[in-house]
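The next block holds one structure in the form of structure tokens; read it before the comments.
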2 protein chains.
Amino acid sequence: MEARIDSIKQKLHAQGYKLTPQREATVRVLLENEADHLSAEDVFMLVRDKAPEIGLATVYRTLELLTEMHIVEKINFGDGVARYDLRADSDKHHHHHLICINCGSMSEIKEDWLGPLEEKLEQEYGFQVLDHRLDFQGVCAKCQSEQATN
Amino acid sequence: MEARIDSIKQKLHAQGYKLTPQREATVRVLLENEADHLSAEDVFMLVRDKAPEIGLATVYRTLELLTEMHIVEKINFGDGVARYDLRADSDKHHHHHLICINCGSMSEIKEDWLGPLEEKLEQEYGFQVLDHRLDFQGVCAKCQSEQATN
DNA sequence: TTTCCTGCAAAACCTTTGCAGCAAC
DNA sequence: GTTGCTGCAAAGGTTTTGCAGGAAA
């Protein structure tokens, strides 16, 4: 935990930014909720517990800064709010989402299934892939068994 | 063209909805610009040429209706506006996007590369896949050659 | 008549921006 | 003292909603 904070602090310093108390509180919230996909509002409410005087605009500005630094990833599931994920320490992110259209739950798959596809893309289309995003919509196992019960 | 309008008309009628002149104008715009990913505002401006008295709210309501009927797909590239794509006549959509981070161009790949992955998902995770979305971010061939020139 | 649909305007919503004050170096 | 950061409030942009009128069955 502290090591990751330090690592982020150094990344910011390398670009001339400071890890202010507000920014640190925001980063800690992201670290403590790494499994979730928090919206800016979510982050704001959680940060408030640690730093009650913080403003929503600062949270937005921090999330934008972290996105630019590739420390977090801004994702959009189509519900009108942006969500933010801490990136793994590796530069590329390799996780996919399973979104249940019944209960709304979202789970992650950490495997990378797209390596061969990316090679194909570069060869056949001349497109240099830097990142990708893969989401599946469907019905999760839990909802399937509940539907079977009814 | 007329056949596809008819097909959509029947889908609507099957659910008790009418294909009003405003809705038809909207559908025609989508059909005529199938290659693009139009925002609601884009659709609105194009529809206006055919039906000048139409309101933006009606376009939104129509696009929402068509989305619910699975006639169009609402997608979100993270720029803050929803975009709408006509779905192919087959129920599943199988195209992927290549988004160039340099020039912003977007091209489509119509192949379906994910069939095997979806089977794997159903078997290993018990997740019933209904749809998916796959986008790649990177640098397109054109921008790569321009960068090489500089 | 009853139901659905429309246009307009207002509201809601998320996000960004302007600005004055503050903190750090 | 300069620079960057913050909080607040206001503005911005997209999308939704309320409502009265209109069209269709």
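The sequence lines fix the lettering, A, B, ..., with proteins before strands; numbering per chain opens at 1.
Atom CD of A:E53 is separated from atom P of D:dC5 by 17 Å (rounded to the nearest Å). With rounding to whole Å, B:N76 atom CG is found 14 Å from C:dC14 atom P. One atom, CD of B:E24, and another, C1' of C:dC5, lie 15 Å apart when rounded to the nearest Å. A straight line from CZ of A:R48 to C1' of D:dC8 spans 12 Å, rounded to a whole angstrom. For B:L63 and C:dC5, the CG to C1' distance is 16 Å, given to the nearest whole Å. Summarising the geometry, the separation between CZ on B:R23 and C1' on C:dT6 is reported as 9 Å, rounded to the nearest angstrom. In this structure, B:L65 atom CG and C:dC5 atom C1' are separated by 11 Å, rounded to whole Å. The interatomic distance linking B:H13 (NE2) with C:dC5 (C1') rounds to 13 Å, in whole Å.
Residues satisfying the side chain to side chain donor-acceptor pair (under 3.5 Å) test with A:D79, not counting sequence neighbours, are A:R83. In this structure B:D42 satisfies the side chain to side chain donor-acceptor pair (under 3.5 Å) test together with B:S39, sequence neighbours excluded. The side chain to side chain donor-acceptor pair (under 3.5 Å) check on A:E41 picks up nothing, with sequence neighbours excluded.
One finds no side-chain N or O of A:T20 lying less than 4.0 angstrom from the OP1 or OP2 phosphate oxygen of D:dC5. Dashed line: the shortest gap from a side-chain N or O of B:T58 to OP1 or OP2 of C:dT6 is not under 4.0 Å.
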Per-pair distances, 0.1 Å, donor-acceptor, side chain in residues 18-27 of chain B, under 3.5 Å, sequence neighbours excluded:
{"from": "B:T20", "atom 1": "OG1", "to": "B:R23", "atom 2": "N", "distance (Å)": "3.2"}
{"from": "B:R23", "atom 1": "NH1", "to": "B:K18", "atom 2": "O", "distance (Å)": "2.8"}
{"from": "B:E24", "atom 1": "OE2", "to": "B:R28", "atom 2": "NE", "distance (Å)": "3.1"}
{"from": "B:E24", "atom 1": "OE2", "to": "B:R28", "atom 2": "NH2", "distance (Å)": "2.8"}
{"from": "B:T26", "atom 1": "OG1", "to": "B:Q22", "atom 2": "O", "distance (Å)": "2.9"}

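In the hydrophobic cluster analysis, where Ile, Leu, Val, Met, Phe, Trp and Tyr join through side-chain heavy atoms closer than 4.5 angstrom, B:V81 is grouped apart from B:F77.
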- Note on the structure: Quick tally for nucleotides 9-25 of chain D: nucleotides whose base has a protein heavy atom under 4.0 Å get B, sugar-phosphate-only ones S, the rest -, giving -----SBBBB-------
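Evaluation of the side-chain hydrogen bond (donor to acceptor under 3.5 Å, both in side chains) test over residues 45-67 of chain B, restricted to residues two or more places apart or in two chains, returns B:E32-B:K50.
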